[in-house]
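Note that the coordinates shown come from a computational prediction; the quantities given were computed from them, not determined experimentally.
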Amino acid sequence: MTDTSAGFLGTRFLGWRMVVLAFLAVNLGTYLTGGVYGVIVQDLQHRFDLNRGTVSLAISTQIFASNLIAPVAGWLATRFSLRKLMLAAAAIQGTAYFVMGIATNFYEILVCYAFNGVGYVILGVIAPYTLISRWFERRMSTAIGLA
């Protein structure tokens, strides 16, 4: 579909609505991942009696998992519905944070952060920009920049 005022059969172009949805996905996926960590780092230190360096291993685990899953996420985005993929990624992130709330040791937290990284790379990186690239032929860079 192209970014014209009227698309197939006179329907309105919805690409800019997709940019808004991609913007929300990028921000939710990203800030559920990195923004929350700063809020819970002290709690993790006190709860598991760990030093800051050990607690920081959670973010390293998340980044490692994100880097491992990125090629797979790109492959999934070309073969499956982006809507379902984004919903699954949000569910993965939500479940990871729920399990973190009931975790009894730090290793469980690390596993949850690995799953959080998987959700992040799908919801916050791969799927939103794939969505935009499917809707725009012209002005794609503007749309991606806004997202």
Side-chain angles (χ1 to χ4, degrees), residues 1-41 43-44 48 50 53-147:
M1 188 172 290
T2 60
D3 54 337
T4 60
S5 59
F8 183 69
L9 298 177
T11 58
R12 239 177 97 199
F13 176 66
L14 300 175
W16 295 109
R17 184 180 295 175
M18 297 305 127
V19 171
V20 171
L21 293 174
F23 174 82
L24 292 172
V26 167
N27 283 289
L28 286 174
T30 302
Y31 294 112
L32 281 177
T33 301
V36 172
Y37 179 74
V39 175
I40 66 172
V41 69
D43 180 56
L44 290 174
F48 298 111
L50 300 169
T54 304
V55 172
S56 296
L57 186 59
I59 289 295
S60 297
T61 303
Q62 173 189 312
I63 293 168
F64 183 70
S66 296
N67 289 336
L68 283 179
I69 197 69
V72 176
W75 178 82
L76 290 171
T78 62
R79 286 166 179 75
F80 296 100
S81 162
L82 286 178
R83 180 181 298 154
K84 291 177 183 174
L85 202 59
M86 292 169 87
L87 287 172
I92 289 169
Q93 282 191 304
T95 303
Y97 275 111
F98 175 77
V99 173
M100 273 190 239
I102 59 173
T104 58
N105 64 54
F106 189 65
Y107 296 110
E108 293 170 359
I109 299 290
L110 292 177
V111 170
C112 288
Y113 260 95
F115 279 101
N116 195 11
V118 169
Y120 154 70
V121 81
I122 294 170
L123 180 63
V125 180
I126 301 291
Y129 299 115
T130 303
L131 177 66
I132 291 172
S133 70
R134 289 181 183 174
W135 278 87
F136 287 85
E137 289 178 6
R138 294 180 306 124
R139 301 182 69 193
M140 187 186 308
S141 58
T142 302
I144 288 174
L146 289 171

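From Asn116, atom CG reaches atom CG of Leu123 across 10.0 Å, with rounding to the nearest 0.5 Å. Residue Gln62 holds its CD atom at 11.5 Å from CG of Leu57, rounded to the nearest 0.5 Å. In this structure, Leu44 CG and Tyr37 OH are separated by 7.0 Å, a value rounded to the nearest 0.5 Å. Note: Leu131 CG to Leu85 CG = 11.5 Å, rounded to the nearest 0.5 Å. Residue Met18 holds its CE atom at 12.5 Å from CH2 of Trp16, rounded to the nearest 0.5 Å. Atom CD1 of Ile144 is separated from atom OG1 of Thr142 by 9.5 Å, given to the nearest 0.5 angstrom.
Between Tyr120 and Thr30, the closest side-chain pair of non-hydrogen atoms falls below 4.5 Å. Under the 4.5 Å side-chain criterion, counting only non-hydrogen atoms from C-beta, Arg134 is in contact with Leu82.
A pairwise comparison of heavy atoms in Phe136 and Met140 identifies O-CE, 3.1 Å as the closest pair. Across every non-hydrogen atom of Asn67 and Pro71, the tightest pair is O-CD, 3.6 Å. Nearest heavy-atom pair across Cys112 and Val99 is SG-CG1, 3.4 Å. Between Ala25 and Met86, the closest heavy-atom pair is CB-CE, 3.3 Å. Gly117 and Ile69 get closest at one heavy-atom pair: O-CG2, 4.5 Å.
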Practice problem: Might you work through the side-chain contact (heavy atoms from CB on, under 4.5 Å) test for Trp135 and Val19, ending with a clear yes or no? | Solution: CA-CA 9 Å; Trp135 278 87; Val19 171; over 6 Å; no
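The backbone N or O of Thr130 lies less than 3.5 Å from a partner atom in the side chain of Ser133, making a donor-acceptor pair. Put simply, the side chain of Asn27 gets close to the backbone of Phe23: a donor and an acceptor are under 3.5 Å apart.
For Ser81, the side-chain contact (heavy atoms from CB on, under 4.5 Å) criterion is met by Arg83, Lys84, not counting sequence neighbours. Residues passing the side-chain contact (heavy atoms from CB on, under 4.5 Å) test with Leu50 are Phe48, Thr54, Val55, Phe106, sequence neighbours excluded. The side-chain contact (heavy atoms from CB on, under 4.5 Å) search around Ala114 returns Thr61, Ala65, not counting sequence neighbours.
The only member of Phe115, Tyr113, Tyr107 that meets side chain to side chain contact (heavy atoms under 4.5 Å, CB included) when paired with Val111 is Phe115.
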